[in-house]
There are 2 protein chains.
Amino acid sequence: MAVKTNLTPLPGACAACAVRPFALFRVVPQARVGEIARVRSAVRLVRSGEAIRDTVFTLYAGWAFSWTTTPDGRRQILDFHLPGDLVERSEDGAEVSALTDASFCVLAKDRLCEFMGRDPGLAMSYADGLVRDRARLRERLTSLGRRDAMGRVAHLLLELHTRLSHRGGADRSGAPLPLKQAHLADALGLSVEHANRALAALRRDGVAALQKGRLDILDRPAMEDLAGWSSAPAVPVLTSLKA
Amino acid sequence: MAVKTNLTPLPGACAACAVRPFALFRVVPQARVGEIARVRSAVRLVRSGEAIRDTVFTLYAGWAFSWTTTPDGRRQILDFHLPGDLVERSEDGAEVSALTDASFCVLAKDRLCEFMGRDPGLAMSYADGLVRDRARLRERLTSLGRRDAMGRVAHLLLELHTRLSHRGGADRSGAPLPLKQAHLADALGLSVEHANRALAALRRDGVAALQKGRLDILDRPAMEDLAGWSSAPAVPVLTSLKA
DNA sequence: CGAGTTGTTGATAGTACTCAACTTGCGTGG
DNA sequence: CCACGCAAGTTGAGTACTATCAACAACTCG
């Protein structure tokens, strides 16, 4: 075939948006979806690995990730983004790249601010996403600070599995997971080789296996134990009135 | 003397609040400070090391920090809180403790939510704080993932110096810093001994010295270099319309 | 002047990194 | 249909950084 077939769906009408229940605009009643469309300034499709230069967008399909590099050129992945996530590309040196082929809705910063200024519920929905981002970063910080390689890998895999579950993208025994080992390593502060060894150990011990773009959870209790997993799900304090 | 003299000031009237320019309520015009007072449900004083059980509060004087423990009992400090910071104690297992003697204003969660629901500017001010929290956590994550001990220490010291500067609590050559080495270690994922050695190395090399509750920056360029310091100050994307 | 906390130092053991091959899987092109 | 060329995944050996354990010094407070 001449052109690679595009299997990644483009976002369509906001009124019928499949990811809206998980997204910033989940709080906007159906009667007012029209206002959402005016905030959307573009719809885009990117290939796996491509950088995303838009400042604010809602991921519609595919995965993305935010990252920085240290002056000596090593990469630190700061967060992974799943469909429905609101992503901001700030000017502090962090970049955003597509991890898989992906599509997203670009939001006009000024119109979004205006909308939030008019609708406090939307502002709180935005804050709610920030609180979740923060909770995730805190967990990851604890991983990098206090867990060994196997624990870090197990914890990240559990986190991603949980996030996917909430969107219906996973079943109890596993989920599709497009991460390369290099992504794991760069997110967890490990070398690729060491991440590989940790992953191999998890597989060897019958705990979990990440292969061919799929995660299989083989022994959930053992995995939670290794990861120091806290089942407490970090409920937002101030934004919980909504939703 | 019978009773230890209390040198930590208690918060007074909101209208004359010294930390309000840096705090959540900075966006409330002077004419409406009365509404702030109705959100404040109590004023408290805690001693260094004490746990804080209130869910939402604005630190007025002194330092605090948020932390968790892993199942094997090691502590990870998630963030340090300075006067003016809004602090939320979520139910995800994280705790908040006073690092020095400290005082703060307890906020009534429901009344604060109601206020934010009525005043989108306030909600955006809240979001702005969350964005800053996130940026700080991202920097720290990069430290733990990709910097060695000296780099981590140097980076954290620079971060705290910067935050203090913004509040007028530091001059160019240094600042008062009440951290123990154990705090540094637990924030940076190091053992106390290793944090000590890193600190000693910074002192030996004439880069920076942390002693007797005070940080002295001896060679700022060298310190920034060690820390992989990015001068770019992480400007909020969506909340920048305010302030 | 003790007693406990905080800071310092040394020796030793681990964990994770680096470097260097080598293997596998897969798409392109001959 | 198979060879080639990469990208991703593995494996091994040697090294570096950091943790742990154990004292000990310095400082603070009562």
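Naming: A, B, ... by sequence-line order, numbering from 1 per chain.
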Inter- and intrachain pairs under ring-ring contact (aromatic ring centres under 6.0 Å, His included), touching residues 198-218 of chain B, at least two apart: none
For B:Ala18, all residues meeting side chain to side chain contact (heavy atoms under 4.5 Å, CB included), sequence neighbours excluded: B:Tyr60
Nucleotide C:dT5, atom C1' - distance to NZ of B:Lys212 in whole Å: 17 Å
Sugar-phosphate only, base, or nothing, as touched by A:Arg152 at under 4.0 Å among non-hydrogen atoms: nothing
ring-ring contact (aromatic ring centres under 6.0 Å, His included) contacts in which one or both residues fall within residues 129-150 of chain B, not counting sequence neighbours: none
Lys/Arg N to Asp/Glu carboxylate O, A:Arg134 vs B:Glu88, below 4.0 Å: yes
Value rounded to 0.5 Å, distance of CG in A:Asp85 from OG1 in A:Thr58: 9.0 Å
Axis bend over the full length of the helix from C:dC1-D:dG30 to C:dG30-D:dC1, computed from five pairs that close each end, to 10 degrees: 40°
Spatial distance of atom CD (A:Glu95) from atom CZ (A:Arg89) [nearest 0.5 Å]: 7.0 Å
Residue list, side chain to side chain contact (heavy atoms under 4.5 Å, CB included) with A:Pro178, at least two apart or on another chain: A:Trp63, A:Leu99, A:Thr100
Euclidean distance, atom NE2 of residue B:His194 to atom C1' of C:dT9 [Å, nearest integer]: 14 Å
Ignoring hydrogens and angles, write down the donor-acceptor pairs under 3.5 Å from the side chains of residues 220-230 of chain B, residues two or more places apart or on other chains.
{"from": "B:Arg220", "atom 1": "NE", "to": "B:Glu224", "atom 2": "OE2", "distance (Å)": "2.7"}
{"from": "B:Arg220", "atom 1": "NH2", "to": "B:Glu224", "atom 2": "OE2", "distance (Å)": "3.2"}

All side chain to side chain donor-acceptor pair (under 3.5 Å) counterparts of B:Arg140, not counting sequence neighbours: B:Asp79, B:Glu159
Residue pairs passing the ring-ring contact (aromatic ring centres under 6.0 Å, His included) test where at least one lies in residues 190-225 of chain B, sequence neighbours excluded: none
Those residues of residues 179-192 of chain B lying under 4.0 Å from DNA chain D by at least one heavy atom: B:Gly189, B:Leu190, B:Ser191
Side-chain ion pair, A:Glu139 and A:Arg147, N-O less than 4.0 Å: yes
Any residue of residues 70-82 of chain B with a heavy atom less than 4.0 Å from an atom of DNA chain D: B:Arg74
Protein-nucleotide distance (A:Gln211, atom CD; C:dC26, atom P), rounded to Å: 13 Å
Listed once per pair and sorted, the ring-ring contact (aromatic ring centres under 6.0 Å, His included) pairs that draw on residues 163-190 of chain A, sequence neighbours left out: A:Phe65-A:His183
Residues in contact with DNA chain C, drawn from residues 136-149 of chain A - heavy-atom cutoff 4.0 Å: A:Asp148, A:Ala149
5′-ward residue of the pair A:Glu193/A:Met150 relative to DNA chain C: A:Met150
Rounded distance [0.5 Å steps], OG in B:Ser97 versus CZ in B:Arg75: 7.5 Å
Under 4.0 angstrom between A:Asn196 side-chain N/O and D:dG9 OP1 or OP2: no
Distance-only donor-acceptor test, A:Arg197 side-chain atoms vs D:dG12 base atoms, 3.5 Å: yes
Atom-to-atom span, CZ of B:Arg204 to C1' of C:dG7 - whole angstrom: 17 Å
